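Only one structure is covered here, and it is reproduced in the block below.
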Amino acid sequence: MIDQLKKSPLIPVLRKLPEESFLSIAGALIDGGVKYLEITMDAEEAPRLIRLAKQHFGEQASIGAGTVMSVEQAREAIEAGAEYLISPALVDEVLLYAVEQGIPMIPGVYTPSEMAHAYSLGAVGVKLFPAASLGSGFVKDVRGPLGHIPIIVTGGITETTARDYLDAGAIGVGAGSALLDKDLIAKQDWSGLTELTKSWIARLN
Ligand code: 3PG
């Protein structure tokens, strides 16, 4: 996963989207070139959406679960076919469960100590969240002593700031609200969403 992220660093965060448009939204992102879909577990329908995404886009993208905050959610996500787990926080028992199941997990962290702790428990990388409140300078600085720990940044990342984080040493960028544009979704402008995705990716490559 970490090697693939280096080639394809954008991870769209699909959170509480209109369910009837889920496949169109996911399809528009895939057409735009994303290789990852993170479906958040803070909605009842999440396991169903993970299954649906696997069925329709499993060949083109790696499907994972986000906002995994409990062992129960981790179990449900894995049963639905999630290939990796992401969380905004570091909950030891959830990470240990993922490790035991052999599923890569990227827990949320905010400090160097949390980064080191997550990595020591078996995280494949860490999600720096909310990254925009720390800024790309934090990524650059922390990469000095902790350069062996892969960092994915999420939270407040925009099309114009995303590149700064990769330049600072992050290997992946999670994007929610700035990529899953509410207006485009409300208008069901799927080609617009594809174009926006292409535009993000062009900046990141
Ligand atoms: C996440 O779960 O990582 C965030 O909700 C995404 O944050 P954003 O909407 O600010 O990109």
Side-chain angles (χ1 to χ4, degrees), residues 1-2 5 8-19 21-22 25-26 28-29 32-47 49-50 53 61-70 73-74 76-77 82-91 94-95 98 104-111 114-115 118 123-136 138-139 149-166 168 170-186 192-193 196-201 203-204:
M1 180 184 187
I2 298 300
L5 265 176
S8 207
L10 182 60
I11 307 179
V13 181
L14 283 71
R15 182 188 301 288
K16 296 188 176 167
L17 298 168
E19 197 178 347
S21 298
F22 176 79
I25 294 168
L29 295 166
V34 302
K35 301 288 180 208
Y36 290 90
L37 294 177
E38 175 188 336
I39 296 159
T40 67
M41 291 297 289
D42 54 350
E44 200 193 321
E45 66 275 15
L49 298 182
I50 290 171
S62 178
I63 313 297
T67 318
V68 180
M69 296 298 299
S70 68
Q73 285 177 332
E76 282 177 9
E83 295 161 67
Y84 53 91
L85 307 181
I86 301 181
S87 175
L90 170 58
V91 181
V94 179
L95 174 55
M105 177 149 197
I106 300 173
V109 299
Y110 198 70
T111 66
E114 289 170 1
M115 284 176 68
V124 295
V126 293
K127 161 171 160 155
L128 191 64
F129 177 82
S133 60
L134 289 167
S136 58
F138 178 91
V139 174
I149 305 180
I151 298 174
I152 286 104
V153 291
T154 315
I157 310 293
T158 66
E159 188 186 345
T160 45
T161 61
R163 177 81 236 174
D164 297 343
Y165 292 89
L166 294 188
I171 62 149
V173 172
S177 44
L179 175 60
L180 279 301
D181 184 278
K182 272 199 170 71
D183 290 340
L184 293 176
I185 292 172
L193 184 54
L196 180 59
T197 308
K198 283 184 182 166
S199 172
W200 272 74
I201 289 177
R203 287 178 190 253
L204 295 177

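Numbering of ligands and ligand atoms starts at 1, following listing order. What you are looking at is a predicted structure, and each value in this text was computed from that prediction instead of being measured.
In terms of polar-atom proximity, defined here as any N/O pair under 3.5 Å, Glu38 makes no such contact with ligand 1. On a distance-only criterion, Phe129 and ligand 1 share no N/O pair closer than 3.5 Å. Checking only distances, Thr67 never comes within under 3.5 Å of ligand 1, N or O to N or O. For ligand 1, the polar-atom distance check finds an N/O of Gly156 within less than 3.5 Å of one of the ligand's N/O atoms. For the pair Ser177 and ligand 1, the shortest N or O to N or O distance falls below 3.5 Å.
Side-chain contact between Ile39 and Phe22: present, with at least one pair of heavy atoms (C-beta onward) separated by less than 4.5 Å. Within the 4.5 Å cutoff, side-chain heavy atoms of Thr160 are placed close to those of Arg203. With a 4.5 Å cut-off on side-chain heavy atoms, Leu90 and Val126 do not count as touching.
Interface atoms of ligand 1 facing Lys127, defined by a heavy-atom separation under 4.0 Å, are 1 (C), 2 (O), 3 (O).
When only non-hydrogen protein atoms are considered, atom 6 (C) of ligand 1 lies nearest to Thr154 CG2, 3.7 Å. Of the protein's non-hydrogen atoms, Gly176 N, 2.8 Å is the one closest to atom 11 (O) of ligand 1. Protein heavy atom at the shortest distance from atom 2 (O) of ligand 1 is Arg15 NH2, 2.3 Å.
Checking Ala132, Gly66, Gly155 against atom 7 (O) of ligand 1, the nearest heavy atom belongs to Gly155.
Paired with Thr67 under the rule side chain to side chain donor-acceptor pair (under 3.5 Å), one option of Lys16, Gln73, Arg15 passes, and it is Arg15.
Looking at Ser87, its side chain never comes within 3.5 Å of a backbone N or O of Gly108 through a donor-acceptor pair. In this structure, Glu38 contributes its side chain and Gly64 its backbone to no donor-acceptor pair below 3.5 Å.
Between Pro150 and Val124, the closest heavy-atom pair is CG-O, 3.4 Å.
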